[in-house]
Every structure is written in structure tokens, then in C-alpha cells.
Trainee: 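Submitted below is the structure of interest, expressed as C-alpha cells.
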Amino acid sequence: MKYYIIAGEASGDMHASNLMHELNQLDVDAEYRCWGGDLMEAEGGKIVKHYRDLAFMGFAEVILNLRTITRNISFCKHDIVKYCPDVLILVDYPGFNLRIAAFAKAQGIKVYYYISPQIWAWKKSRIHQIKRNIDKVFCILPFEQDFYAKYDYHADYVGHPLLDELRKYNTNTSVKSLEINRIITRDSRPIIALLPGSRKQEISKVLPVMVSITEAFPQFQFVIAGVKWQPEELYRSLMLKKPLPIVWGETYALLQQSYAALVTSGTATLETALYNIPQVVLYQANGVSYVIAKQLVNGISYISLPNLIMDKPIVTELIQNDCNRQRVIDELEKITIDKASRNQMLDNYKQLGDILGNGNASLKTAKIVYESLLNNK
């Protein structure tokens, strides 16, 4: 089979690569043309566009980069037609992917969506686009299947693919972080992990707030999780001249050794919860983007995945003006010094794990994809 796969972010690259790995076990003749990253390339994908050139965060940023985005959409349409795939698999990244879905469907190409757009949170009207243009939707959150059913659309619930990724990492005993081991050897204090995100915009907003609180916790050392595709100069310019260590591309290894974490809202909040690391969630966006987003959200009270899945505030979210030095200090004290608060969060994490189940999302999705394509041959 010929697969055209589009993932526009780091998390999409990870989840798509795991799906490709499972498809390779089922389809020995699999060919891939992809928008994604290094992980997808390692599974045999021909990378047309790398996600580092695609990740525009927020409404204002999208407007500022509208010409680039429009060119990318046009190029993608032509590239899909030229490749003539058996199926187009879209991975999250809805602003771009839903536009491509409509085009591909009009060309008679099968369109599958892995990791459903969060239309239950905002832009519910997109359900009509999905019903019209998407042949199969694969949900990763337990309540999403019921949401689609309300609109007479069957979506397959496959579980959250992060469980697969964590299991794969944890069972790979050859994975050892020499850099983190060196950090621990030099400094025996417990680690507070700083996870400022992967996009330049979010790192620029949140990292200075994270590092501003370090003097208030002399009993801990602070270590930054850096992403390999962002330059070290970006991080150093935002660290208020503090010589904090940075580990590159080893977030899971860092979390395994951490006592608590400050985390930018996104996939990393769920990763941190699944590693049972108490956390405070931070989020700051461009002011215009945030105001627009607030107008579009459909009655959703939370932004972090642990809270959304549990439908209650199991982790504290410090958003916009609340994302300031004093509030971060207060909330970090609760999960590092107050044992009752810390234990309550860990108890909630256990309930979260029970809800998410045992995983195997990549394998379940690959089987449905491959078998459905065979049946339509």
C-alpha cells in the first residue's frame, strides 16, 4: 500500500512513527510519503516537509505566517495528487489537515484521521467537515467516541498512544542518559524538571517564568528539557543568565529522575502524569491569540490533558496573568513540600491511568487501517 501521512508537530511525528512501525509489520510492501520528522523517517517515510517548518502556534502567529501556510497547502495538494496514495492518514494538526482532507476526498482518495481534532473543545461545527470528508476517525480520549456518536458518526476508540511510547521507552534497557547521570553525580539534590515546550513561541513565553523561581527552592536543582531542533542560544537567551543544565531530546529520562516538574500545556502534561511526577502546568500565549481562543472554546474548563480526561482539576493550571513568578512558587511548594497535596495528585494520577487502560493504540489503529484498505481493494 502507498500511505501519505501528515503530522505537523513533534508529538504527531512520534505517534505517526509508532503507527508506521505497526503498519510495517502488517504490510511488507508499505510505502510512505510524509510531512513529519526524524522518527517517521526512521520508519521508512520519505519526508517532504519537516514539522519544524510547520509549527505555528496561535491565531496571531498563523496570520503573520499566512503566506507560508497557503503555499504549503497548495504544494501539499499537488504532491498528494502526484503520489496517488491508497490512503491519506492525517495526524492531529487540524487547521492544516482538515483543509487537505476536503481536497483529498474530492480526488477520491481514502482519508483517515488518527488522533481526532479536539472539536469537542472548540469549533464543534467542524463535525460536519469530518462527516463529509473523513472516512475513518481514530479517537485517543475515552469520551470522544460518545461525542461523535451524538452526531451519528462512528469513530474508533483505540486508546492513548502515549502509553505505547512510554512502554517502549521503559522496556528499552539500553536507553541510558549519560548526561542526566552526570548531572546527578555532580549534584545530589532532587531534580525539578522544566519542560517549556517545543515551539519557539511557547519556549519564549514560559521559560523565563520557569527559571525565575529557582532561588526560592535551594533544596532542589532545576534541569531544562531541550528539544534538538531549537538552538541552544534560544534557551540561553531566556534563562536570565542562570547556568542551568539542559538535556537534549531526553524528556522521558529526565522525568524518570525528577521529583516534580513545571510543564508547558500540551502532550507533556500527560507524559508527566503517566510518569507519576507531580506538576504545575504553565501557559502563556500571544494576547490576541488567547482572547480569540477564549471566544471559540465550547464550555471547556481546562487546558491540560490530565484535567480534561479526568474532568476535574487534578493539576494546577497557571494561564496568562496567573503564569507569574509568585503563583508558580506557591503552587510548586504545594507539590514539593505539602505531602497531602502531593499524595492527592499521585492518587489522581492512578485513577487517570486506570481510565486510559493498557494502550496498544498504534497496533489497534494499524490493524483497522490495513484491513479496511484490503477490504476495499
Side-chain angles (χ1 to χ4, degrees), residues 1-9 12-13 15-17 19-20 22-36 40-41 43-49 51 54 69-119 123-140 144-145 147-149 151-158 361-362 364-377:
M1 302 284 186
K2 294 173 67 177
Y3 304 86
Y4 200 106
I5 306 179
I6 303 176
E9 299 174 302
D13 178 42
H15 298 321
S17 70
L19 175 61
M20 291 165 67
E22 297 297 344
L23 283 170
N24 286 334
Q25 313 309 306
L26 300 170
D27 185 356
V28 294
D29 297 317
E31 298 178 15
Y32 305 101
R33 191 165 176 84
C34 308
W35 293 47
M40 295 168 71
E41 186 174 39
E43 291 295 338
K46 169 66 177 176
I47 303 300
V48 181
K49 291 275 187 179
Y51 64 77
L54 305 172
I69 294 169
T70 301
R71 282 199 303 264
N72 284 339
I73 290 173
S74 178
F75 171 77
C76 185
K77 290 177 179 179
H78 286 97
D79 198 52
I80 289 171
V81 170
K82 184 178 178 180
Y83 185 62
C84 193
D86 292 292
V87 64
L88 169 65
I89 300 178
L90 308 171
V91 184
D92 203 0
Y93 199 48
F96 185 93
N97 276 339
L98 286 175
R99 287 177 173 84
I100 299 301
F103 171 81
K105 185 67 174 178
Q107 307 307 307
I109 298 170
K110 286 284 183 184
V111 182
Y112 294 173
Y113 215 121
Y114 182 44
I115 305 182
S116 163
Q118 295 179 350
I119 58 173
K123 294 190 176 180
K124 285 185 180 179
S125 60
R126 283 177 165 176
I127 183 64
H128 305 296
Q129 292 177 257
I130 290 173
K131 291 179 69 173
R132 186 167 57 246
N133 300 321
I134 310 295
D135 295 288
K136 284 187 177 296
V137 170
F138 301 97
C139 297
I140 66 171
E144 290 178 321
Q145 190 175 44
F147 171 84
Y148 277 103
Y151 293 89
D152 297 318
Y153 185 93
H154 173 75
D156 292 284
Y157 173 58
V158 294
S362 306
K364 292 174 186 173
T365 304
K367 285 182 175 179
I368 297 172
V369 168
Y370 184 60
E371 289 172 5
S372 66
L373 292 176
L374 279 181
N375 292 336
N376 284 287
K377 275 289 187 179

Trainee: Got Arg33 and Ile80 here, is their nearest side-chain heavy-atom distance under 4.5 Å?
Mentor: no
Trainee: Is there a donor-acceptor contact under 3.5 Å from the side chain of Ser74 to the main chain of Thr70?
Mentor: no
Trainee: Please report the interatomic distance CD(Glu22) to OG(Ser17), rounded to the nearest 0.5 Å.
Mentor: 10.5 Å
Trainee: Go through the side-chain N and O atoms of Tyr32 and Asn24 and say whether any donor and acceptor fall under 3.5 Å apart.
Mentor: yes
Trainee: Could you name each residue pair satisfying salt bridge (Lys or Arg N to Asp or Glu O under 4.0 Å) that touches residues 101-119, not counting sequence neighbours?
Mentor: Lys105-Asp135
Trainee: Hey, what do you get for CD (Glu144) to CD (Gln118), rounding to the nearest 0.5 Å?
Mentor: 7.0 Å
Trainee: Starting at CD1 of Ile89, measure out to CG of Leu23 and round the result to the nearest 0.5 Å.
Mentor: 5.5 Å
Trainee: Any chance you could measure Ile6, atom CD1, to Asn97, atom CG, to the nearest 0.5 Å?
Mentor: 5.0 Å
Trainee: Atom CD1 in Ile368, atom CG in Asp156: separation rounded to 0.5 Å?
Mentor: 4.0 Å
Trainee: Apply ring pair (Phe, Tyr, Trp, His ring centres under 6.0 Å) to residues Phe96 and Trp35 and explain how you reach the verdict.
Mentor: CA-CA 11 Å; Phe96 185 93; Trp35 293 47; 5.3 Å; yes
Trainee: Taking all atoms of both residues into account, what is the closest heavy-atom pair of Tyr114 and Leu19, and its distance?
Mentor: CD2-CD2, 3.9 Å
Trainee: So, using side chain to side chain donor-acceptor pair (under 3.5 Å) as the criterion, who are the partners of Asp27 when residues are at least two apart?
Mentor: Tyr3
Trainee: Any idea how His128 and Tyr151 line up, ring-wise: parallel (<30°), tilted (30 to 60°), or perpendicular (>60°)?
Mentor: perpendicular
Trainee: Would one find more than 12 heavy atoms of other residues, nucleotides or ligands at under 6.0 Å from atom NZ of Lys2?
Mentor: yes
Trainee: Output the distance between atom CG (Asp13) and atom CD1 (Ile47), rounded to the nearest 0.5 Å.
Mentor: 7.0 Å
Trainee: Is a donor on one side and an acceptor on the other found under 3.5 Å between the side chain of Ser372 and the backbone of Val369?
Mentor: yes
Trainee: Classify the ring geometry between Tyr112 and Phe138 as parallel (under 30°), tilted (30 to 60°) or perpendicular (over 60°).
Mentor: perpendicular
